[in-house]
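Just so it is clear: chains get the letters A, B, ... in the order the sequence lines come, proteins before strands, and each one is counted from 1.
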Amino acid sequence: MADDRTQDENRLIAERRQKLDALRERGNPFPNDFHRNALADELQHMYGAHDNDTLAEEHVEVAVAGRMMVKRVMGKASFIKLQDRSGQIQVRLERDRLPEGVYQDFKKWDVGDILGARGSLFHTRTGELTVMADEALLLAKSLRPLPEKWAGLTDQEMRYRQRYVDLIINESSREVFRKRSRIITYMRGFLESLDFLEVETPMMQVTPGGAIARPFRTHHNALDMPLFLRIAPELNLKRLIVGGFERVYEINRNFRNEGVSTQHNPEFTMMEAYRAYADFNDWMDSTEAMLHGMADAVNGTTIISYQGEEYDFGKPFPRLTLEEAIVQHNPGCDTSKMRDRDYLAAWCEKLGAPVKDGYGAGKLQTEIFDETCEAKLREPTFITQYPAEVSPLARKNDDDPFVTDRFELFIAGREIANGFSELNDPEDQAERFRAQAANRDAGDHEAMAFDHDYIRALEYGMPPTAGIGVGIDRLVMLFTDSPSIRDVLLFPHLRPEVFE
RNA sequence: GGGGGUAUAGCUCAGUCGGUAGAGCAUCGGCCUUUUAAGCCGCUGGUCCUAGGUUCGAAUCCUAGUGCCCCCA
């Protein structure tokens, strides 16, 4: 026990431990037989408008419980506020109304303690709905003092490391994560209404695939073999299209062994959906419809306010090709040389973007796009026709095989979604894998491995299909006006804390 | 990987030119039966991130390191 009294003990905690020790003398200080029958917000909605005469007639007996966030002792009577998952409710405790000794005990309870109280409702002079307690008890002692009530908790590091404290203190933080849940619920509903089947595919894969990214590696002891955390569920979901489900989706974590930033966490949540007998245009339409409906349902308006800018999710999103975007944002470029490797390479050099021997015109185009266009795409915009060179799983365009039938959706200068008509020609796919494998052999850790089973699956025949991936975290950032991905992850990745 | 910012009481923050460490809130003690950041009186509470260095003297200046934040690659 003594060993648990950790290094950051201080006088405030020691005082509370003594109070807990005293409670232990009198029995179990963590009772589990208090039955709450009302939430703070329910009471506000049901009885907030009733006057005191009505409340006295009704004599509503309630049992409330939660964390004591405010404690105001005024001699023989006190006001406290209990916070539960719905909100806060005030409770009045009067010495002479409570059972013998309870009020004296209460004076020793601390802000942060978990309490239960039973009593009837009334309004104070200033009109606040309040429970007049006939009974009050301590349900769980809090040993650590909470941040101060007015300034609250603002220290970013503590907000991320001790999210539980952030959630206790900051309603805005609680609201971010409620909204995150509503976004995902809406998305599920949208897909279910289109008869999509939710599935779960492996997180641990022998051959990581489905994206261009570096994977995390782990090891299976019993089988004595390496395994990789998935970078995308894509190939497995398309195996299920081959299997005949026709419409499947998965909302789950991906893992990418890359840098950490305000836009990147090593693990992040992606929604991927695949629909047979559809093409990438259908997915652009559905994505627009989904985001429109989501904004209405989750935020109550189609206008998304993000970091001082406003975007209208109610309007159709402009669609332009990658080459059109480059031309539009680079007046003066030579439009006749948009696929001239030498021209593009020189341009990249000027931009300071890497140019390697293996890079073709398509790869160089995307570098120029990333450097000169991406950040400028503020309003929701679909960029279409990505080069085949950088789209190893996408179907080539029938009229222009340099590009694929692919799109990415940009909002506020960031990629939010990526979709395309799927490559279902097994021989073309095998050829693309071979090209990726060559890059891999040349030292590109992000290049895809050749997935023989995936080719075998395609050889059984995959119907014409289109798929999409939506970055959930970035979407939640937009909907909650959060500047950093860490603000929308309950437990963002941080360097480990050292406990001495 | 590079650059910038930041780190002081439980929390939020001051700290002047290098000269004994400060405030508000919280805690603790006293008063107070309708408060709303309740009020009044009193007392506590510090590894000034860490390790070196300069100096008679360092929260303050220098060097290195660490965490977090931001920007860039």
Checking all strands, does [X] fall into the base, sugar-phosphate, or nothing category for heavy-atom contacts under 4.0 angstrom?
X	value
A:Arg486	sugar-phosphate
A:Ile169	nothing
A:Gly352	nothing
A:Ser78	nothing
A:Arg495	sugar-phosphate

Can you tell me how far [atom2] of [N] sits from [atom1] of [X], to the nearest Å?
X	N	atom1	atom2	answer
A:Leu93	B:rU34	CG	C1'	13 Å
A:Glu374	B:rA73	CD	P	12 Å
A:Gln162	B:rG10	CD	C1'	11 Å
A:Asp155	B:rC69	CG	P	10 Å
A:Gln156	B:rU12	CD	C1'	14 Å
A:Glu497	B:rG67	CD	P	12 Å
A:Asp113	B:rG10	CG	P	19 Å
A:Asp166	B:rC68	CG	C1'	15 Å

Exam field: side chain [X] to backbone [Y], donor-acceptor pair closer than 3.5 Å:
X	Y	result
A:Arg159	A:Asn170	no
A:Tyr306	A:Ile411	no
A:Asp113	A:Lys141	no

Using the [atom1] atom on both, measure [N] against [M] and round to a whole Å.
N	M	atom1	result
B:rC48	B:rA7	P	15 Å
B:rA59	B:rC49	C1'	12 Å
B:rA26	B:rG45	C1'	11 Å
B:rU8	B:rC43	C1'	22 Å
B:rC41	B:rA23	P	15 Å
B:rG65	B:rG3	P	10 Å
B:rU54	B:rG22	P	28 Å
B:rG18	B:rG2	C1'	33 Å

Set out, line by line, the N/O atom pairs under 3.5 Å between protein and nucleotides 23-27 of chain B.
{"from": "B:rA26", "atom 1": "OP1", "to": "A:Lys149", "atom 2": "NZ", "distance (Å)": "3.3"}
{"from": "B:rU27", "atom 1": "O2'", "to": "A:Glu15", "atom 2": "OE1", "distance (Å)": "2.2"}
{"from": "B:rU27", "atom 1": "O2", "to": "A:Arg11", "atom 2": "NH2", "distance (Å)": "2.5"}

So, under a plain 3.5 Å distance rule, would you say the side chain of [X] forms a donor-acceptor pair with the base of [N]?
X	N	answer
A:Gln90	B:rU35	yes
A:Thr126	B:rU34	no
A:Arg95	B:rU33	no
A:Thr124	B:rU36	yes

Distance below 4.0 Å between [X] side-chain N/O and [N] OP1 or OP2:
X	N	answer
A:Thr154	B:rC13	yes
A:Arg159	B:rU12	no
A:Lys107	B:rG29	no
A:Arg161	B:rC68	yes

- [ ] Please determine if A:Arg92 forms a cation-pi arrangement with A:Phe79, meaning its NZ or CZ atom is less than 6.0 Å from the six-membered ring centre and no more than 45° off the ring axis.
- [x] yes
Could you identify the nucleotide paired to [N], looking across every strand shown and requiring Watson-Crick or G-U wobble geometry with both distances under 3.5 Å?
N	answer
B:rA59	none
B:rC32	none
B:rA7	B:rU66
B:rG18	none

Task: Basic-acidic side-chain contact under 4.0 Å: A:Arg95, A:Glu100 - done: no
Open item on the list: For A:Asp134, give me all partners under salt bridge (charged side-chain N to carboxylate O under 4.0 Å, His left out), at least two apart in sequence or on another chain.
Closed with: A:Arg97
Minimum-distance nucleotide to [X] side chain [options: [options]]:
X	options	value
A:Glu128	B:rC11, B:rC69, B:rU36	B:rU36
A:Tyr160	B:rC68, B:rU36, B:rC32	B:rC68
A:Phe122	B:rU34, B:rG10, B:rG67	B:rU34

Open item on the list: Considering only residues two or more places apart or on different chains, which pairs with a residue in residues 82-106 of chain A satisfy ring-ring contact (aromatic ring centres under 6.0 Å, His included)?
Closed with: A:Tyr103-A:Phe106, A:Phe106-A:Trp109
Open item on the list: I want to confirm an ordering. Mapping A:Met158 and A:Lys76 to their closest nucleotides on RNA chain B, which one lands closer to the 5' end?
Closed with: A:Met158
TODO: On RNA chain B, check which nucleotide each of A:Glu371 and A:Leu153 is closest to and give me the residue with the more 5' one.
DONE: A:Leu153
Open item on the list: Test salt bridge (charged side-chain N to carboxylate O under 4.0 Å, His left out) on A:Arg214 and A:Glu446; report intermediate values, then the result.
Closed with: CA-CA 5 Å; A:Arg214 196 166 178 173; A:Glu446 294 190 338; over 6 Å; no
Task: Whether over 12 other heavy atoms sit under 6.0 Å from A:Asn28 CG - done: yes
Task: Sub-6.0 Å ring centroid separation between A:Phe382 and A:Phe317 - done: yes
- [ ] Fit a plane to each ring of A:Tyr386 and A:Phe369, take the angle between them on a 0 to 90° scale, and name the class: parallel (under 30°), tilted (30 to 60°) or perpendicular (over 60°).
- [x] perpendicular
